[in-house]
Number of protein chains: 2
Amino acid sequence: MQPEQRFYAGEFRHFIDEKNRITIPARWRRGSAEEFIVLAEATHQFLLVMSPEEFSRMSAAAEADANVSARDKRVFFRQLHARSQHTTADKQGRLVLPVDLCQKVGLKGEVILVGGRGRFEIWNLQKRKRADEEETPTYQHVANVIGL
Amino acid sequence: MQPEQRFYAGEFRHFIDEKNRITIPARWRRGSAEEFIVLAEATHQFLLVMSPEEFSRMSAAAEADANVSARDKRVFFRQLHARSQHTTADKQGRLVLPVDLCQKVGLKGEVILVGGRGRFEIWNLQKRKRADEEETPTYQHVANVIGL
DNA sequence: CCCACTTTTCCCCACTTTTAACCACCTTCC
DNA sequence: GGAAGGTGGTTAAAAGTGGGGAAAAGTGGG
């Protein structure tokens, strides 16, 4: 349907400095817009970073979903817009992260950048480790099924 | 449908000074008209701020709704127009808020500006916190449904 | 109907804090 | 040893806030 979803591959350990800046991995920077939308994930586990296009795509998906009532959609969009922030990368390829969002998710110093489809995530080290261990069994299950 | 709905992203903590002025976040100011319509939300929880165009759009949507009786529409529009006020931003990018509306909603000193689709809101700190907590479950629910 | 007088509105200036652009350095990998 | 990637710091510009003062609008009395 849409043009093409950007695929951010891999995990990277980077630092958030005292000015709340974080370098976007060079591999993700290439061919990517220098404009992003940052939002805190619902359970406050990590930060989501995506392009405005991806954000629109996601919004459209929510808008179109028949399993959600009109009222729930209204609430969702109110929250979604309130939680999200525009940011642009500087000449060095660094994002300035909103302080409040970082605090909410517990980001400071060394963090992990996790790739994804159309977006990437910024995790607290400990939280990431724990989440990864919880997810691995399921991952293995699917891997076995598809004969990986 | 319409040309393009302005997207006000994020939350900002600003101050209403003794002259009832409030600075519009610079990010929201850019590319926006300097004319706004302010109205108190029905349950007196917060102030709504939008462009005249957005106001027309909203009115048109209400007018077109087939599920509402003609009488209810009359009442709605009477209320809508009575509650709303014209304001323009000054050269510093500040809105002068109507005193009566601020009192109604309980706005004074530090407040929270909350972004939205085509409009933004001005909240009392405590009220905002409470409303946010109430809305978060629904937000999470929808977020899970669409796989956010 | 006009003239003081008060009140409100708006424009401007000043100050502080935050943001963002720029430069410099160190490390790693060809 | 050069180039590219990641990090740290400096500095100029922008954003947010407070307040003064002139113009405009409302108010009351002669």
Side-chain angles (χ1 to χ4, degrees), chain A residues 8-38 47 49 52 84-103 107-115 120-125 128, chain B residues 6 8-38 47 49 84-103 107-115 120-125 128:
Chain A
Y8 299 100
E11 288 196 12
F12 298 85
R13 289 194 152 204
H14 281 186
F15 276 86
I16 296 177
D17 65 20
E18 305 92 36
K19 293 161 102 186
N20 268 282
R21 298 176 298 187
I22 185 166
T23 311
I24 302 169
R27 299 197 172 172
W28 294 356
R29 225 151 48 207
R30 276 193 284 271
S32 194
E34 72 281 354
E35 196 179 346
F36 293 94
I37 289 179
V38 182
L47 285 189
V49 185
S84 56
Q85 299 259 194
H86 248 96
T87 26
T88 55
D90 65 10
K91 291 268 169 76
Q92 278 69 33
R94 287 181 288 195
L95 282 183
V96 183
L97 300 174
V99 190
D100 52 331
L101 292 187
C102 284
Q103 287 181 338
L107 295 182
K108 206 179 147 195
E110 196 173 15
V111 297
I112 294 195
L113 291 146
V114 183
F120 59 90
E121 303 161 359
I122 309 177
W123 284 75
N124 172 299
L125 249 68
R128 173 60 190 161
Chain B
R6 179 86 160 81
Y8 300 100
E11 290 192 23
F12 298 85
R13 290 192 152 205
H14 281 187
F15 278 86
I16 296 178
D17 64 20
E18 304 91 35
K19 294 161 116 178
N20 267 282
R21 299 175 298 187
I22 185 165
T23 312
I24 302 170
R27 302 207 167 161
W28 295 356
R29 223 152 49 207
R30 277 194 282 269
S32 194
E34 72 280 355
E35 195 180 346
F36 293 95
I37 289 179
V38 182
L47 286 189
V49 185
S84 55
Q85 302 250 203
H86 247 95
T87 24
T88 55
D90 67 9
K91 291 273 167 74
Q92 276 71 33
R94 287 181 287 196
L95 281 184
V96 183
L97 299 174
V99 191
D100 52 331
L101 292 188
C102 284
Q103 287 180 338
L107 295 183
K108 206 179 146 195
E110 196 173 15
V111 297
I112 294 196
L113 292 147
V114 182
F120 59 90
E121 303 162 359
I122 309 178
W123 284 75
N124 171 299
L125 250 70
R128 172 61 189 162

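Being a predicted model, the structure only gives us computed values, none of them experimental. Each chain gets a letter, A, B and so on, in the order its sequence line appears, and its residues count up from 1.
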Using atom CZ of R27(A) as one end and atom P of dG5(D) as the other, report the distance to the nearest whole Å. 10 Å
Going by the salt bridge (Lys or Arg N to Asp or Glu O under 4.0 Å) test, which pairs reach into residues 18-28 of chain A, not counting sequence neighbours? D17(A)-R21(A)
Hey, what do you get for SG (C102(B)) to CD1 (I22(B)), rounding to the nearest 0.5 Å? 8.0 Å
So does T23(A) get a backbone contact from the side chain of H14(A), meaning a donor-acceptor N/O pair under 3.5 Å? yes
Outermost contacting nts on DNA chain C, any atom under 4.0 Å from chain A heavy atoms, listed 5' then 3', are dA20(C) to dC23(C)
For residues F36(A) and T88(A), determine if any side-chain heavy atom of one lies less than 4.5 Å from a side-chain heavy atom of the other. no
Qualifying residues under salt bridge (Lys or Arg N to Asp or Glu O under 4.0 Å), relative to E110(B), sequence neighbours excluded: R13(B)
Angle between ring planes, W28(A) versus F120(A), binned at 30° and 60°: parallel, tilted or perpendicular? tilted
What is the distance, to the nearest angstrom, from the CG atom on D90(B) to the P atom on dG19(D)? 16 Å
Is there a side-chain contact between V96(A) and D90(A) in this structure, where contact means two heavy atoms from C-beta onward sitting under 4.5 Å apart? no
Taking side chain as C-beta onward, heavy atoms only, is L101(B) less than 4.5 Å from L47(B)? yes
What residues form a side-chain hydrogen bond (donor to acceptor under 3.5 Å, both in side chains) with Q103(A), not counting sequence neighbours? none
Charged N to carboxylate O below 4.0 Å: is that the case for R128(B) and E11(B)? yes
E110(B) has an atom CD; how far is it from atom C1' of dG16(D), in whole Å? 13 Å
Name the nucleic acid region contacted by I24(A), choosing base, sugar-phosphate or nothing; use a 4.0 angstrom heavy-atom cut-off, strictly under. sugar-phosphate
Once Watson-Crick and G-U wobble pairs under 3.5 Å are found, how is DNA chain D written in dot-bracket notation, 5' to 3', with | for any base paired to another strand? ||||||||||||||||||||||||||||||
For nucleotides 7-9 of chain D, print each protein N/O atom paired with a nucleotide N/O atom at under 3.5 Å, atom names and distance only.
from: dT7(D); atom 1: OP1; to: F15(A); atom 2: N; distance (Å): 3.2
from: dT7(D); atom 1: OP2; to: T23(A); atom 2: OG1; distance (Å): 3.3
from: dG8(D); atom 1: N7; to: R94(A); atom 2: NH1; distance (Å): 3.0
from: dG8(D); atom 1: O6; to: R94(A); atom 2: NH2; distance (Å): 2.8
from: dG9(D); atom 1: OP2; to: E18(A); atom 2: OE1; distance (Å): 3.4
from: dG9(D); atom 1: N7; to: R21(A); atom 2: NH2; distance (Å): 3.1
from: dG9(D); atom 1: O6; to: R21(A); atom 2: NH1; distance (Å): 2.7

